Structures are given as structure tokens and as C-alpha cells.
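Each remark here refers to the structure printed beneath this line.
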Amino acid sequence: MSSPAIAVEALEKYFPPALSGWRAFVQPMARPTELALAGVSFTVGSGEAVALVGPNGAGKSTLLRILATLIIPTHGHAKLAGFDIERDAARARSQFGYHTGGDEGFYGRLSGRQNLGFFAAMNNITGTEAKERIALVAEWMRISEELDRQVRTYSTGMTHRLGLARALLHSPSILLLDEPTRSLDPLAASDFRCQLKVELVRRRGTTLLFASHSLSEVEEIADRVVLLEAGRIVACDTPPGLCALTGMATFESAIKQLARHAMPSEALP
């Protein structure tokens, strides 16, 4: 049996509490006490698409940032393609593409093509190979005609597409995506979901772990769903499996039912 592409074992993450006023001055290095993840464990098989679902503050983005080696877990371990994200971070980073719906980190006065060329070089992709890869991902993301414009002239949705193109640039075996279609128009979002499921996951065998607030998107793409609540896993199963578990007819109803049971009773309407 082959090793999983992503293995998460008992991950915990605590952050210092947000302090203001005199408390921030007196306690600039407050002890981490705010729980973000509490013993999260799961695996993602090679070529599998798994969705992270849950309310704001459930720990989805924190988990993805840990796997992307941007923050260090307080306790626990994780491996990407067999490489430990802490002990072998450089080789782990070479295995994945990461995209977040937030600040894209592009150089506004450079064109989209120049930006992608820079990030290609950062991944040791140069010359003809870089040109071919840039042309391919630009075609996938429908930005070929905009590549030679300065990025500062791009709309929010166009910049988002460029960020997704950057994540795909080095043909990663693993994709970590945080709300990948959040800033896309409906047509572009539909196109990208099709690319993810058909071209990348099914045909190329790319492993996908993504967070989304769109349950229809999750049902369309995900082979399995990890439902998080307050940093803990509430359920992990296929969409039909979650329906069977709850006795609900639809995936959306199943998620709502599980979420209601996971919340403290005083928080329920």
C-alpha cells in the first residue's frame, strides 16, 4: 500500500491572545493560549481531492498555512509526499503549489508574464520550459490576452487568476488551495472547477486539499470532506457517506446537521 500524499498527525496550534492598550505594552510576548487546531489527524491519498469545510475560525486556513510551511505547529507532525514539513521543509515545498484568496504578493509594475517568469525562476524553471509552462497555465486560467499588462491594472478577479496560475506553474504533485474561486466570476469559477477535477485530479493525478465555503463547489470537486469546528474534526467522509451518516437526503443538509450537533447548545438559534 502506497504512502499517502498528505499525512496529518495530531496537529495542534495555539496563538498568543490578541491584546490591545496597556496589556499589549505590558505583555508583548503573551503565552500562546488561543486554540486554532486541536489534535487534527487525517490523510489524503495520491490523486485524491479532499475539501476542508467549516465556519469562519474553524481552523481551515491555519491548517493549510501549516502544511504550506508558512507557520509552525505547536504540536504534531505532517508530511507532504513523504517529506516532513518541519525537518525537510525545502523538499516538502518543492512538492506543492499553494494559493490563498488574500494578498497575492505580485509586483504591480511588472506584467503578469514577467511575474510568472520570476516565480518560474524561483522554482528553477527557465528558458523554453518556462515560456511553455507560462503559456499553459495562462491558457488554463484564461489570462493569455492579459499577460503583458502591468499587474497593477488587473481587476481583483484577474489577479486571483494569476495567483492560481502561479500555484500551477511548476506542475506540483500536491495543490493546497484556500477558497480558490472566491474572487472569480461564475463562468471563470465553473471553468476552474472543471480544470481542477478533470484535468488536474483525474488526468494528471494531482492531489488536492482545498478549503471552501461553497458546499456546491465541495460536492462537485471533493472525493472526501473534512468538517472542522473550533479546530477539531467533526466528520471525515465522502459526500454520500455524510448523507448516510446523518440520514439526510442532500449533502448541504448533512453538513448543516453535523455542524449543528458540533456547536454548543447556547450558540444554536
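None of the values given here were measured: they were computed from a predicted structure.
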Q. Under the salt bridge (charged side-chain N to carboxylate O under 4.0 Å, His left out) rule, what pairs show up with a residue in residues 238-259, not counting sequence neighbours?
A.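 Only Glu252-Lys256 qualify under salt bridge (charged side-chain N to carboxylate O under 4.0 Å, His left out).
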Check this for me: [X], atom [atom1], are more than 12 non-hydrogen atoms of other residues, nucleotides or ligands nearer than 6.0 Å?
{"X": "Leu245", "atom1": "CG", "value": "yes"}
{"X": "Arg224", "atom1": "CZ", "value": "yes"}
{"X": "Lys197", "atom1": "NZ", "value": "yes"}

From [atom1] ([X]) to [atom2] ([Y]), nearest 0.5 Å:
{"X": "Arg133", "Y": "Asn123", "atom1": "CZ", "atom2": "CG", "answer": "10.5 Å"}
{"X": "Glu129", "Y": "Asn124", "atom1": "CD", "atom2": "CG", "answer": "10.0 Å"}
{"X": "Glu217", "Y": "Glu179", "atom1": "CD", "atom2": "CD", "answer": "9.0 Å"}
{"X": "Ile134", "Y": "Arg113", "atom1": "CD1", "atom2": "CZ", "answer": "7.0 Å"}
{"X": "Arg65", "Y": "Tyr98", "atom1": "CZ", "atom2": "OH", "answer": "6.5 Å"}
{"X": "Leu162", "Y": "Arg149", "atom1": "CG", "atom2": "CZ", "answer": "11.0 Å"}

Can you tell me if [X] uses its side chain to pair, donor with acceptor, with the backbone of [Y] under 3.5 Å?
{"X": "Thr69", "Y": "Ile85", "value": "no"}
{"X": "Glu9", "Y": "Gly76", "value": "no"}
{"X": "His170", "Y": "Phe96", "value": "yes"}
{"X": "Thr206", "Y": "Ser173", "value": "no"}
{"X": "Asn115", "Y": "Tyr107", "value": "yes"}
{"X": "Arg142", "Y": "Trp140", "value": "yes"}
{"X": "Asp223", "Y": "Val50", "value": "no"}
{"X": "Glu146", "Y": "Ile143", "value": "no"}
{"X": "Lys60", "Y": "Leu228", "value": "no"}
{"X": "Thr43", "Y": "Ala7", "value": "no"}

Q. What pairs with Ser190 under side chain to side chain donor-acceptor pair (under 3.5 Å), at least two apart in sequence or on another chain?
A.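 Checked Ser190 against side chain to side chain donor-acceptor pair (under 3.5 Å); zero matches.
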Q. Charged N to carboxylate O under 4.0 angstrom, Arg161 versus Asp185?
A.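 A salt bridge is present here (some side-chain N lies under 4.0 Å from a carboxylate O).
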Side chains of [X] and [Y]: does their closest heavy-atom pair fall under 4.5 Å?
{"X": "Ile174", "Y": "Leu67", "value": "no"}
{"X": "Pro73", "Y": "Glu12", "value": "no"}
{"X": "Ser61", "Y": "Thr100", "value": "no"}

**Q.** Side-chain H-bond candidate by donor/acceptor type, His213 with Asn56, under 3.5 Å
**A.**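 There is such a pair (donor and acceptor under 3.5 Å, judged by atom type) between the side chains of His213 and Asn56.
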Q: For a side-chain contact (heavy atoms from CB on, under 4.5 Å) with Ile221, tell me which candidate from Leu208, Val201, Leu177, Thr181 qualifies.
A: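 For Ile221, the side-chain contact (heavy atoms from CB on, under 4.5 Å) test succeeds with only one of Leu208, Val201, Leu177, Thr181, which is Leu208.
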Q: Kindly confirm or rule out a cation-pi arrangement of Arg91 over Phe83, judged by NZ or CZ under 6.0 Å from the six-membered ring centre and within 45° of its axis?
A: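 Judged by the rule, Arg91 and Phe83 form no cation-pi pair.
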